[in-house]
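Okay, structure first, notes after.
Numbering of ligands and ligand atoms starts at 1, following listing order.
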Amino acid sequence: MLFMLIDMDYFFAACEEHRRPELKGKPFVVGTSPESQKGFGVVQTSNYVAREFGVRSGMSVAKAMSLCKELIYVESDDEYYESISKRIIELLRDFSLPMEAMSIDEWAVALGDMSIEAALKEGQKIKERIKEEIGLPCTIGISSSKIYSKMVCDEAKPDGLEAVPLDEIKEFIKDKEVSKIPGIGPKAAAQLEGIGITKIGEITSKSPMLLIEKMGSLGTFVYNVARGADESGVQESEQVLSIGRETTLTHGADKESIDAAMEKLVGLTILEVEKRGMMFKGVSAKVRYQDFSEKIKSAKLKNYTASKEMLSRKSKELIAGLITEKPVRKVGVRVYSLTNAAGQKGLF
Ligand code: DCP
Ligand code: CA
Ligand code: CA
C-alpha cells in the first residue's frame with residue numbers, strides 16, 4: 001500500500017505572495033494582530049526569506065521583528081486561505097482517490113497498490129496542476145503509511161517530491177529526532193528523553209511495555225513507527241453526500257463554549273436535514289485547532305434517524321474525544337449516509 005501526503009509550502013505567506021507579488025523576495029510574516037490575541041501578536045507563518053533570520057510560526061511578532069529589522073507584517077486573512085484550500089480540494093477530487101484533510105494546507109491520499117514509479121508520476125501531475133491552476137508551490141511525500149509520507153514530505157520541503165519505500169523507511173527515520181514523528185509534541189518528546197531516547201532509532205531498544213507504561217497508547221504508536229510497522233491509513237473525511245455546519249470560535253474557547261457552539265450547529269444541521277426531508281446514519285464531528293491542524297471522528301448509528309437529540313448526543317461524544325489541551329479554533333458537525341425520510345429508497 002502506498003500513501004501520499006501533500007503539504008503546501010509556507011501556505012498563508014504563499015497565498016499572500018500570490019495576490020501581492022510585490023512581497024516576493026522580501027522577508028514577511030503573516031500574523032494575528034495584538035488586538036485579536038489579547039495583547040500578543042503571533043506569527044502564523046513566514047516566507048522562506050524571513051525564516052533565514054530565524055523567524056518561526058508561533059513566535060510573537062515582536063520577537064520576529066527583533067530578529068529581522070526590515071520584516072514586513074501582513075495581517076492574517078483566514079477566509080482567503082480557506083477559499084484557496086477549498087479550490088485545492090476540488091482539484092484533488094479530480095484524481096478520484098480516497099483523501100483525508102489533515103489541515104487547512106495538508107491532505108493525505110491513499111494510492112492503493114500503485115507502484116512507486118506510478119505514485120511519483122501521479123505526484124508530479126498533482127504538483128503541476130496545483131502550480132498551474134492555483135499558482136502555489138507544494139511538497140509531496142510518498143511512503144507506505146500516512147505518517148511515513150508526512151515525514152518524507154517534511155524532509156523534501158520546499159517544492160519537493162520524494163518517495164521512500166517500506167523497505168527503506170527504518171533507515172530513513174532512524175537518525176531523526178523523536179519530535180519529527182507527527183503527533184509527538186514537546187511533552188511526549190520529554191517523556192522519551194526521560195528514558196534516554198532522543199532519536200527515533202533508539203525507541204526499539206526499549207521494551208514496548210516500558211513505553212506503554214510511560215506514555216500510554218502513544219508508546220505503542222511510537223514503537224510501531226520506529227520499527228517500520230506503522231500502518232496509519234486515510235480516513236476519508238469528505239463524505240460524498242452530507243449535510244453539515246461549522247463555526248469559528250473566539251480565541252481560547254473553553255469546553256462550555258465548545259458545547260454551546262456544537263448545540264447550535266446540531267440545530268442548524270437538523271434544520272437542513274428536515275428541510276430536505278432526509279434521515280441519516282452517519283455522524284461526524286470535526287475540530288480545527290489553533291495551529292490549523294484538523295481532526296475528524298465519525299460514527300455510524302444503528303438506524304436511520306433525524307433526531308436532534310441523537311445527533312446532539314453522538315456529536316458531543318465524538319467531539320469530546322478530540323478535545324485535548326490544544327486550543328480549538330473551529331468545530332463542525334456533519335451527517336452522512338443519507339436517505340430520504342419517506343424511506344422507499346436509500347439514495348446514497
Ligand atoms: N499555522 C498557524 N500557527 C501555527 C502553525 C501554522 O497559524 N503555529 C498556519 C499558518 C501556516 C498554515 O497553518 O501557513 C500551515 O502550517 P504548516 O505547518 O504547514 O506551515 P507552512 O505551510 O506555513 O510552512 P511549510 O512550508 O513549512 O509547510
Ligand atoms: Ca505547509
Ligand atoms: Ca501543514
Side-chain angles (χ1 to χ4, degrees), residues 3-20 23-24 27-33 36-37 40-61 63-64 71 73-86 88-89 92 99-109 126-127 130-131 134-141 146-147 149-162 179-186 237 248-252 287-295 324-330:
F3 294 88
M4 176 189 285
L5 196 292
I6 305 157
D7 186 280
M8 302 305 294
D9 297 334
Y10 64 109
F11 185 50
F12 291 5
C15 293
E16 293 298 344
E17 257 181 29
H18 186 66
R19 65 175 170 184
R20 295 170 58 180
L23 284 169
K24 276 197 184 130
F28 74 96
V29 294
V30 174
T32 48
S33 63
S36 61
Q37 296 274 328
F40 295 101
V42 172
V43 174
Q44 289 183 311
T45 194
S46 59
N47 64 349
Y48 287 101
V49 187
R51 291 184 196 186
E52 294 278 308
F53 293 86
V55 172
R56 294 289 176 267
S57 300
M59 183 178 270
S60 75
V61 173
K63 171 89 199 281
L71 191 69
Y73 172 80
V74 178
E75 179 77 24
S76 175
D77 180 356
D78 284 16
E79 270 168 39
Y80 175 55
Y81 315 138
E82 187 109 37
S83 69
I84 294 185
S85 175
K86 286 205 176 112
I88 301 169
I89 293 173
L92 293 174
M99 174 168 91
E100 178 182 8
M102 306 304 298
S103 157
I104 193 169
D105 83 325
E106 197 175 318
W107 302 275
V109 176
I126 291 177
K127 265 177 79 70
I130 294 180
K131 187 91 212 179
I134 317 282
L136 300 181
C138 69
T139 297
I140 296 182
K146 185 169 76 178
I147 292 287
S149 304
K150 169 74 173 163
M151 295 174 79
V152 173
C153 175
D154 284 346
E155 179 106 343
K157 265 184 176 294
D159 201 20
L161 170 64
E162 207 180 305
S179 60
K180 297 277 182 195
I181 302 175
I184 297 304
S237 44
T248 304
L249 301 164
T250 52
H251 187 64
V287 169
R288 177 182 291 169
Y289 303 98
Q290 206 65 44
D291 63 1
F292 285 86
S293 59
E294 290 181 1
K295 282 234 165 93
T324 57
E325 65 277 16
K326 277 214 252 182
V328 172
R329 174 174 210 122
K330 196 171 207 178

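- Partners of K127 by salt bridge (Lys or Arg N to Asp or Glu O under 4.0 Å), not counting sequence neighbours, listed by chain and number: D159.
- Annotation for K330: atom NZ counts as buried by contact number, over 12 foreign heavy atoms lying within 6.0 Å.
- The distance cut-off of 3.0 Å around the Ca ion (ligand 2) captures these protein N, O or S atoms, sorted by chain and number: D7 OD1, M8 O, D105 OD2.
- K157 places a side-chain N or O within donor-acceptor distance of the main-chain N or O of M8, the cut-off being under 3.5 Å.
- Although no hydrogens or angles enter the test, the distance criterion places no donor-acceptor pair under 3.5 Å between the side chain of T32 and the main chain of G41.
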As a quick check of understanding, evaluate side chain to side chain contact (heavy atoms under 4.5 Å, CB included) for F11 and I88, giving each step before the final call. CA-CA 12 Å; F11 185 50; I88 301 169; 4.3 Å; yes
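- Here F12 and F292 bring their ring centres to under 6.0 angstrom of each other.
- Residue-environment remark: NZ (K326) exceeds the threshold of 12 foreign heavy atoms within 6.0 Å.
- Salt bridge absent: E17 and R20 never bring a charged side-chain N and a carboxylate O closer than 4.0 Å.
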Between ligand 1 and the protein, tabulate every N or O atom pair separated by less than 3.5 Å, reporting distance only.
{"from": "ligand 1", "atom 1": "14 (O)", "to": "F12", "atom 2": "N", "distance (Å)": "3.0"}
{"from": "ligand 1", "atom 1": "19 (O)", "to": "D105", "atom 2": "OD1", "distance (Å)": "3.4"}
{"from": "ligand 1", "atom 1": "19 (O)", "to": "D105", "atom 2": "OD2", "distance (Å)": "3.1"}
{"from": "ligand 1", "atom 1": "22 (O)", "to": "M8", "atom 2": "O", "distance (Å)": "3.3"}
{"from": "ligand 1", "atom 1": "22 (O)", "to": "F11", "atom 2": "N", "distance (Å)": "2.9"}
{"from": "ligand 1", "atom 1": "22 (O)", "to": "D105", "atom 2": "OD2", "distance (Å)": "3.1"}
{"from": "ligand 1", "atom 1": "23 (O)", "to": "F11", "atom 2": "N", "distance (Å)": "3.4"}
{"from": "ligand 1", "atom 1": "23 (O)", "to": "T45", "atom 2": "OG1", "distance (Å)": "2.5"}
{"from": "ligand 1", "atom 1": "23 (O)", "to": "R51", "atom 2": "NH2", "distance (Å)": "3.4"}
{"from": "ligand 1", "atom 1": "24 (O)", "to": "Y10", "atom 2": "N", "distance (Å)": "3.3"}
{"from": "ligand 1", "atom 1": "24 (O)", "to": "R51", "atom 2": "NH2", "distance (Å)": "2.9"}
{"from": "ligand 1", "atom 1": "26 (O)", "to": "Y10", "atom 2": "N", "distance (Å)": "2.7"}
{"from": "ligand 1", "atom 1": "26 (O)", "to": "Y48", "atom 2": "OH", "distance (Å)": "2.7"}
{"from": "ligand 1", "atom 1": "26 (O)", "to": "K157", "atom 2": "NZ", "distance (Å)": "3.4"}
{"from": "ligand 1", "atom 1": "27 (O)", "to": "R51", "atom 2": "NH1", "distance (Å)": "3.1"}
{"from": "ligand 1", "atom 1": "28 (O)", "to": "D7", "atom 2": "OD1", "distance (Å)": "2.9"}
{"from": "ligand 1", "atom 1": "28 (O)", "to": "M8", "atom 2": "O", "distance (Å)": "3.4"}
{"from": "ligand 1", "atom 1": "28 (O)", "to": "K157", "atom 2": "NZ", "distance (Å)": "3.2"}

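- In this structure Y48 satisfies the ring pair (Phe, Tyr, Trp, His ring centres under 6.0 Å) test together with Y10, sequence neighbours excluded.
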